[in-house]
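Order of the sequence lines sets the chain letters (A, B, ...), proteins ahead of strands, with each chain counted from 1.
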Protein chains: 2
Amino acid sequence: MINKKLPDKTVERLSMYRRALLNYVAAGNHHIFSHELASLLHITPVQVRRDIMLIGYTGTLRQGYDAKELIDIIGKIIDTREGQKVAVVGIGNLGRSIMGYISGKRTKMSIVAAFDNNSDKVDRVYAGIPCYHVDRMVEIIKQEGISIAVISVPGEEAVKVAETLVMAGIKGIFNFSPRPLNVPSHVYLQEYDIITMLEKIAYFVKKI
Amino acid sequence: MINKKLPDKTVERLSMYRRALLNYVAAGNHHIFSHELASLLHITPVQVRRDIMLIGYTGTLRQGYDAKELIDIIGKIIDTREGQKVAVVGIGNLGRSIMGYISGKRTKMSIVAAFDNNSDKVDRVYAGIPCYHVDRMVEIIKQEGISIAVISVPGEEAVKVAETLVMAGIKGIFNFSPRPLNVPSHVYLQEYDIITMLEKIAYFVKKI
DNA sequence: ATAACATTGTTAATGAAATAACATTATCTT
DNA sequence: AAGATAATGTTATTTCATTAACAATGTTAT
Ligand SMILES: NC(=O)c1ccc[n+]([C@@H]2O[C@H](COP(=O)([O-])OP(=O)(O)OC[C@H]3O[C@@H](n4cnc5c(N)ncnc54)[C@H](O)[C@@H]3O)[C@@H](O)[C@H]2O)c1
Ligand SMILES: NC(=O)c1ccc[n+]([C@@H]2O[C@H](COP(=O)([O-])OP(=O)(O)OC[C@H]3O[C@@H](n4cnc5c(N)ncnc54)[C@H](O)[C@@H]3O)[C@@H](O)[C@H]2O)c1
């Protein structure tokens, strides 16, 4: 099952399945049917079964899926052995809120470094994470083996920051700045802009 | 051109085109070719032309598109006459960072109210926006004619908040909590979870 | 004037994602 | 033991999004 790449959207849902399942077992449950898992996410049971088929796990006819097993399989797919390390670049409002959000969560990933160019912010600790000057970024990313970076600097700075990250050998970039980035094909890029999404909502609200 | 619904992804790109074009004209330019606009977003020229075809605008063969006209057309599609009004529910780290981000921006939407249930936060002003107690939400949403809401409360509270928003007549919801929501079909729902997206990045980074 | 060119606008083809259809099977009921 | 039932797993179809192909056209060069 493992070496073929899964569809983008399936991977997103796997992450959501896992979270829902963690709550589900924490509440003392053991087995779950596709239609139950589906209703936790407000999607269809077929979608659930298809995703689970794609990862090669199979449930049983009378009990459905073993929640713990499913959690483990998803972990094998998404996580790496030691948990991938993440850096946040730009410790403004957004960067800090993301750091606070992720630090508390039970996910194998961990934010291990933050970077900023404002000297008031460097050499301090935010949500338990040390903030370094951005000049040390390449050095620390290599030293710590950081593979993923979140960009939350102002748009004007984002291109330069991304170039540095690529140079440092980063493999995945999550860009929150409104500036579209261009990275080599061996770097996975995810962009997200809140205003774009709000404007999309605005459009569809008009149409409703 | 106008009454048919545009594809989801096209609407997202229109928002990005507009932003890029605003910078472009601010820099003193007037006309733009599809390949130029494409390269600002790192997409293909065909994609640009197809989107522009869908909105019924046409450029000229030798000059390409008139940037200002295009900005206006996109405005007609996305914006409403007076600009849709937005509320933010849950003024924690994320809520405040979003409020700060959007307030500064030239978009026709405006955040006109914030809500929280923590008495330390209500009756104060954040980024120029008044924060009310969540008990007054229905009242104020109706009174102000707010059509879109951002949910940034903890997961446990999100379902309840969403129900109240629907009751208040909200038309579009942007949910940042990790709890999947269920809303009637006349409400447009957009969900986004940063951890899910980070885990997706983690997966594809492993595959690269 | 005509050919070459660069660009748009549109239709056609491909690819990705979601949904539907259905075959299979373990369990329960009678 | 046979049939009904309620699930799963898989293949087929449909829908949505992107990419490719190409015809149309105004501009420039010869
Ligand atoms: N706040 C939001 O909710 C939000 C949402 C979506 C997108 N964004 C975007 O994310 C970015 C950050 O938003 P914010 O609200 O946190 O802004 P902010 O101004 O509060 O923070 C930006 C931070 O980046 C640092 N910085 C600037 N240049 C840098 C560089 N070259 N290297 C390292 N650090 C640098 C600044 O010192 C500051 O700490 C902006 O591009 C914004 O457009 C913000
Ligand atoms: N911080 C992030 O970057 C981030 C990213 C993605 C998702 N989220 C999610 O967004 C939500 C908010 O995140 P945060 O970091 O701002 O958390 P936070 O704890 O800082 O803020 C939550 C706010 O909601 C308020 N609140 C609680 N119950 C409420 C209710 N019933 N009505 C109105 N207000 C209420 C609290 O008083 C608090 O001000 C959480 O669900 C979190 O999981 C956060």
Side-chain angles (χ1 to χ4, degrees), chain A residues 1 4-17 21 29-67 69-70 73 180 185 188-191 196-197 200 203-204 207, chain B residues 1 4-17 21 29-67 69-70 73 180 185 188-191 196-197 200 203-204 207:
Chain A
M1 102 232 194
K4 188 93 184 75
K5 260 197 221 174
L6 296 167
D8 216 86
K9 291 297 162 70
T10 293
V11 177
E12 288 180 21
R13 282 189 299 267
L14 290 176
S15 164
M16 300 194 289
Y17 295 153
L21 289 167
N29 303 106
H30 293 97
H31 289 84
I32 191 167
F33 292 118
S34 62
H35 65 264
E36 294 173 315
L37 182 48
S39 89
L40 292 175
L41 273 74
H42 307 119
I43 61 177
T44 68
V46 217
Q47 183 84 82
V48 170
R49 291 206 298 279
R50 207 170 194 300
D51 288 334
I52 290 178
M53 184 197 92
L54 289 173
I55 64 177
Y57 179 66
T58 78
T60 64
L61 206 37
R62 209 53 191 180
Q63 298 190 107
Y65 306 101
D66 181 308
E69 281 179 18
L70 194 41
I73 300 265
S185 65
Y188 186 87
L189 174 64
Q190 169 80 42
E191 315 214 72
T196 292
M197 290 303 157
K200 179 171 77 165
Y203 171 79
F204 284 105
K207 289 287 160 183
Chain B
M1 100 238 194
K4 187 94 185 76
K5 261 197 219 172
L6 296 167
D8 216 85
K9 292 296 162 71
T10 294
V11 177
E12 289 179 21
R13 282 188 297 267
L14 289 177
S15 165
M16 300 193 290
Y17 295 151
L21 289 166
N29 302 106
H30 297 275
H31 290 83
I32 191 167
F33 293 118
S34 62
H35 65 264
E36 294 173 314
L37 183 48
S39 89
L40 293 175
L41 274 74
H42 307 119
I43 61 178
T44 67
V46 218
Q47 183 82 267
V48 170
R49 291 206 299 278
R50 206 168 196 301
D51 288 334
I52 290 177
M53 184 197 92
L54 289 173
I55 65 178
Y57 179 67
T58 78
T60 64
L61 205 39
R62 209 52 191 181
Q63 299 190 106
Y65 305 101
D66 181 307
E69 281 179 17
L70 194 41
I73 300 265
S185 65
Y188 186 87
L189 174 65
Q190 168 81 42
E191 314 214 71
T196 292
M197 290 302 158
K200 178 172 79 165
Y203 170 80
F204 284 105
K207 290 288 161 182

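A:Phe33 has its CZ atom 15 Å from the P atom of C:dA26, to the nearest Å. As a whole-Å value, the separation of B:Gln63 CD from C:dT7 P is 13 Å. Here C:dT8 presents its P atom at 10 Å from CD1 of B:Ile32, a figure rounded to the nearest Å. Spacing between atom CG of A:Leu54 and atom P of D:dT11 amounts to 11 Å, rounded to whole angstrom units. Straight-line distance from the CE atom of A:Met53 to the C1' atom of D:dT11: 9 Å, rounded to whole Å. Going from atom CG of A:Asp51 over to atom P of D:dT8 covers 14 Å, rounded to whole Å. Across the protein-nucleic acid pair, B:Ile43 atom CD1 and D:dA20 atom C1' stand 16 Å apart, rounded to whole Å. Taking atom CD1 of A:Ile52 as the reference point, atom P of D:dT10 lies 12 Å away to the nearest angstrom.
With the nearest nucleotide of DNA chain D identified for both A:Arg50 and A:Thr60, A:Thr60 has the one nearer the 5' end.
Within 4.0 Å (heavy atoms only), A:Thr10 reaches no atom of the nucleic acid at all.
The side chain of B:Arg62 sits closest to D:dG26 out of D:dG9, D:dG26, D:dA7. The side chain of B:Leu61 approaches D:dT25 more closely than any other nucleotide in the set D:dT25, C:dT25, C:dT19. With distances taken from any side-chain atom of A:Lys9 to the nucleotides D:dA17, D:dT8, C:dA18, the minimum falls on C:dA18. Each of C:dG9, D:dT19, C:dA20 was ranked by its minimum atom distance to the side chain of B:Gln47; first place goes to D:dT19. When each of D:dA7, D:dA17, C:dA17 is scored by its nearest atom to the side-chain atoms of B:Asp8, the top-ranked nucleotide is D:dA17.
Using a 4.0 Å cut-off, some side-chain N or O of B:Arg49 falls inside it from OP1 or OP2 of C:dT8. Note on B:Arg13: a side-chain N or O is less than 4.0 Å away from OP1 or OP2 of D:dT18. Contact between the side-chain N/O atoms of B:Ser34 and the OP1/OP2 oxygens of C:dT8 is found at a separation under 4.0 Å.
Applying the 6.0 Å contact sphere to NE2 of B:His35 captures more than 12 heavy atoms from other residues, nucleotides or ligands. Counted within 6.0 Å of NE2 on A:His42, heavy atoms from surrounding residues, nucleotides or ligands total more than 12; the atom is thus considered enclosed.
Of the possible donor and acceptor atoms, none in the side chain of A:Tyr65 sits under 3.5 Å from a partner among the backbone N and O of A:Leu37. Listed for the A:Gln47 side chain is no donor-acceptor partner under 3.5 Å among the backbone atoms of A:Thr44.
Here OG1 of A:Thr196 is found 11.5 Å from OH of B:Tyr17. Values are rounded to the nearest 0.5 Å. The CZ atom of B:Arg13 lies 6.0 Å from the CD1 atom of B:Ile43; values are rounded to the nearest 0.5 Å.
Looking at B:Ile52, B:Asp51, B:Val46 one by one, the single match for side chain to side chain contact (heavy atoms under 4.5 Å, CB included) with B:Val48 turns out to be B:Ile52.
Taking a pair as Watson-Crick or G-U wobble with both distances under 3.5 Å, DNA chain D forms stems of 3 or more consecutive pairs at C:1-30 with D:1-30.
Inter-residue side-chain proximity for B:Glu191 and B:Pro180 is flagged as met; some heavy-atom pair is nearer than 4.5 Å.
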